[in-house]
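Counting starts at 1 for both ligands and their atoms, in listed order. Residue numbers run from 1 in the order of the sequence given.
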Amino acid sequence: MKLILYTLFVLSTVILTTRAQPMTPPTPPSLNDWKQQLEEWIPRQYKRSVQGIFDNINRPGTAKGCIVAADSKKQPDYYYNWIRDAAITMQVVVTMYERATDPKEIDRLETIIKEYIAFNHKLQHTPNYNGNFYTDGLGAAHFLVNGDAYPGAWCIENDGPALRALAIIKFTYAYLAKGGNISYIRDHVFGPTNNTLTRADLDYIARVWPNENCGPWEELYGIHFFDQYLQRTALLRGVKLAEKLGYNNIAKHYQRAAENITQVLPSYIAKDFGIVWESVNTTHDTNHETFLDTSTILAILHGYNHDDVFAPTNEYVIGTANMLRLVFQDIYPVNMRKEEDEGTLFGRFPDDIYDGYTSNVPGNPWILCTLGMAQYYYELAAEWLKHEKIVIGKWSKDFFRHLRVMPPPPPPPQSSISTTITGKAICSYVSALLEEGDRVLNAIRKHTVPSGMFTEEIDRYTGFEQGAINLTWSYDAFVTAVWSREDVHKLFSKYCEPPSPPLPSMPGPGGLSSP
Ligand SMILES: *[C@@H]1O[C@H](CO)[C@@H](O)[C@H](O)[C@H]1NC(C)=O
Ligand SMILES: *[C@@H]1O[C@H](CO)[C@@H](O)[C@H](O)[C@H]1NC(C)=O
Ligand SMILES: *[C@@H]1O[C@H](CO)[C@@H](O)[C@H](O)[C@H]1NC(C)=O
Ligand SMILES: *[C@@H]1O[C@H](CO)[C@@H](O)[C@H](O)[C@H]1NC(C)=O
Ligand SMILES: *[C@@H]1O[C@H](CO)[C@@H](O)[C@H](O)[C@H]1NC(C)=O
């Protein structure tokens, strides 16, 4: 454990200088110990993460339905209801609700979700720096914890309404499946007018999707893959919901807007580099020299619509993941000294100059970006298993080389020709990728405090946690990564021989053991 080793190092220096006594060096753990330690850590950290999420929902002194981005009121002050972060948290709560079988637990979660819906309806109608309900007010990044508008200026952000719509549409199906009241849905979620939460979000998205805004990292004014990819999926799921509820005209309107987005998405592909850009048609600045960005991968985690549009298996998406790893591996000192059992820690984008509190300093690895990459590896492995097929192409072959499967993948004879692997032959690749995901989780294990408290970032030099304490999104990212891991392990043991030992079920609300 780096933290412990570092502490030992500091302690030993102190002891050596004060008492001049030799220290016994710690015995190096045997090669596979880390897997055992990881398996023991995951259920503990899962429980702590679930607690971290619910601690930040309806905190004392906040309005009902409010979710704070972090339990951090100064250096930095994240004690606000961020629309994006809250919606990502709601996606986790809704999944727990979907899986819950205990009536008390269903009630508890349903109450939380309905409070979120009521609170967010109020926020939609709260005029703020960016406008009001009729103009651009839904693009507000955050609100005070009592629901008032943020008093200062803030850049417009249009990912929040898409993430919120995705969470609430998912809730709607689960709620109706559990025998929920359809009048509640028509009155509060999606009704004949846009005075209902999700309909307003989708009407807004259908109108503003081509517009420039600040994107998920609130830094670069332009258009963003993250936004448009999520907006498209939200609109397409809105089409289905509107049709189900009998609002066919609005369904057609969303369908046309989604088709318009589908047409522009291919322009994010950097054909000469084999990656997906975070932004296009946007002016580069010194902090965004490449538009290579982890948010591209996060978009796919939150919004892949299972329609082959930028699937996790897409060659350019795999190419992006590979490029991110290569770049972050090289720019963070903490990655350069990592051990064999640790994956790479990932940040937001290479030229990041925010360290969690101040700007104009070198940026850090982020816990949620790193966990997102681990989750991406699990999701990619799951896609391979579902299709019983792996395609190694020009832009993804380096990714496969990194997996070090024995024997190595046959290199495509010409750069444009791809290799396809089918049947049980995929299992060694899947297994290598699952191990790579586990190494990334293990890196988080080694760089976080034993209490399981997650901040936003990990210091690029020291490897210690840094930035906003108890960041809700970090906990969300852990829970969803563990869910993806558990799901892909089930697929793996079903398809690949020999079956891997069953993972322990996670405790906590929604318990993973429930169907
Ligand atoms: C983080 O949250 C936990 C409870 O969830 C709380 O006990 C702790 O004081 C918070 N802050 C820090 C720095 O851990
Ligand atoms: C709701 O509908 C009104 C009337 O058509 C429109 O002016 C307003 O912009 C819509 N609100 C949103 C959030 O799209
Ligand atoms: C269903 O919800 C509506 C309001 O949304 C309410 O008026 C009605 O009483 C509810 N019905 C039941 C059976 O709970
Ligand atoms: C889709 O694009 C067409 C052609 O540019 C435009 O006329 C139409 O208004 C767009 N529809 C929506 C819903 O965005
Ligand atoms: C970027 O601009 C090009 C050229 O005008 C256009 O074809 C493409 O669709 C634009 N991409 C996006 C995402 O708007």
Side-chain angles (χ1 to χ4, degrees), residues 83 87 117 120-141 143 149 156-165 168 186-216 220-239 242-243 247-272 275-284 288 291 293 295-296 299-300 303 309-310 316-317 320:
I83 302 298
I117 291 173
N120 278 269
H121 176 262
K122 178 180 174 286
L123 300 185
Q124 284 185 335
H125 293 268
T126 302
N128 58 71
Y129 179 79
N130 286 303
N132 60 33
F133 184 69
Y134 301 94
T135 59
D136 279 344
L138 269 63
F143 289 83
I156 190 160
E157 292 167 21
N158 291 335
D159 55 346
L163 286 160
R164 182 164 59 194
I168 298 310
R186 288 188 202 278
D187 289 351
H188 300 280
V189 173
F190 202 102
T193 75
N194 68 9
N195 192 22
T196 45
L197 183 70
T198 298
R199 173 137 183 195
D201 279 337
L202 296 175
D203 282 9
Y204 177 75
I205 292 167
R207 178 155 59 82
V208 304
W209 71 265
N211 298 354
E212 297 189 316
N213 70 94
C214 282
L220 179 70
Y221 192 71
I223 54 171
H224 303 272
F225 180 82
F226 185 85
D227 293 8
Q228 294 189 337
Y229 189 79
L230 292 169
Q231 288 161 349
R232 173 183 180 274
T233 300
L235 286 165
L236 290 174
R237 301 217 174 131
V239 170
E243 281 170 351
Y247 307 115
N248 293 318
N249 287 339
I250 195 74
K252 287 203 188 84
H253 176 62
Y254 295 163
Q255 182 71 40
R256 281 191 295 266
E259 280 163 11
N260 286 358
I261 301 180
T262 308
Q263 282 189 3
V264 304
L265 285 181
S267 67
Y268 285 96
I269 295 175
K271 290 224 168 64
D272 297 337
I275 66 166
V276 182
W277 294 135
E278 186 272 332
S279 189
V280 288
N281 303 342
T282 298
T283 314
H284 288 262
H288 300 89
F291 294 155
D293 197 299
S295 69
T296 305
I300 290 158
V309 173
F310 293 90
Y316 295 101
V317 173
T320 307

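The distance from ligand 5 to the heavy atoms of Ser267 drops below 4.0 Å at these ligand atoms: 8 (C), 9 (O), 10 (C), 11 (N), 12 (C), 13 (C). If you number the atoms of ligand 5 from 1 as listed, the ones under 4.0 Å from a heavy atom of Gln228 come out as 13 (C). Against a heavy-atom cut-off of under 4.0 Å, Asn281 is close to the following atoms of ligand 5: 1 (C), 2 (O), 3 (C), 8 (C), 10 (C), 11 (N), 12 (C), 14 (O). The distance from ligand 2 to the heavy atoms of Ala200 drops below 4.0 Å at these ligand atoms: 13 (C). Ligand 5 places these atoms under 4.0 Å from at least one heavy atom of Tyr268: 13 (C). Per-residue contacts place Asp203 under 4.0 angstrom from the following atoms of ligand 2 (heavy atoms of the residue considered): 14 (O). Every atom of ligand 5 with a heavy atom of Ile223 under 4.0 Å away is listed here by number and element: 12 (C), 13 (C), 14 (O).
Distance alone, capped at 3.5 Å, places no donor-acceptor pair between the Asn128 side chain and the Ala140 backbone. Gln231 places no side-chain N or O within donor-acceptor distance of the main-chain N or O of Ile261, the cut-off being under 3.5 Å. At least one donor-acceptor pair under 3.5 Å links the side chain of Arg199 to the backbone N or O of Gly191. Judged purely by atom type and a 3.5 angstrom limit, Thr282 has no side-chain atom pairing as donor or acceptor with the backbone of Gly222. Between the His125 side chain and the Phe133 main chain, no donor and acceptor come within less than 3.5 Å of each other.
Within the 4.0 Å heavy-atom criterion, the part of Val280 lying near ligand 5 is the side chain and not the backbone.
Counting heavy atoms from C-beta outward, Leu202 and Asn194 have side chains that stay 4.5 Å or more apart. Residues Trp209 and Asn260 have side chains in contact (heavy-atom distance under 4.5 Å, counting atoms from C-beta outward).
When every heavy atom of Cys214 is checked against every heavy atom of His224, the shortest pair comes out as C-NE2, 3.5 Å.
Taking any N or O of Asn194, backbone or side chain, at least one lies under 3.5 Å from an N or O belonging to ligand 2.
Remark: Phe190 pairs with Tyr247 by the ring-ring contact (aromatic ring centres under 6.0 Å, His included) rule, at least two apart or across chains.
Within 4.0 Å of ligand 4, counting heavy atoms only, the contacting residues are Trp209, His253, Ala257, Asn260.
The aromatic rings of Tyr229 and Phe225 lie parallel to each other, with less than 30° between the two planes, well short of the 60° mark.
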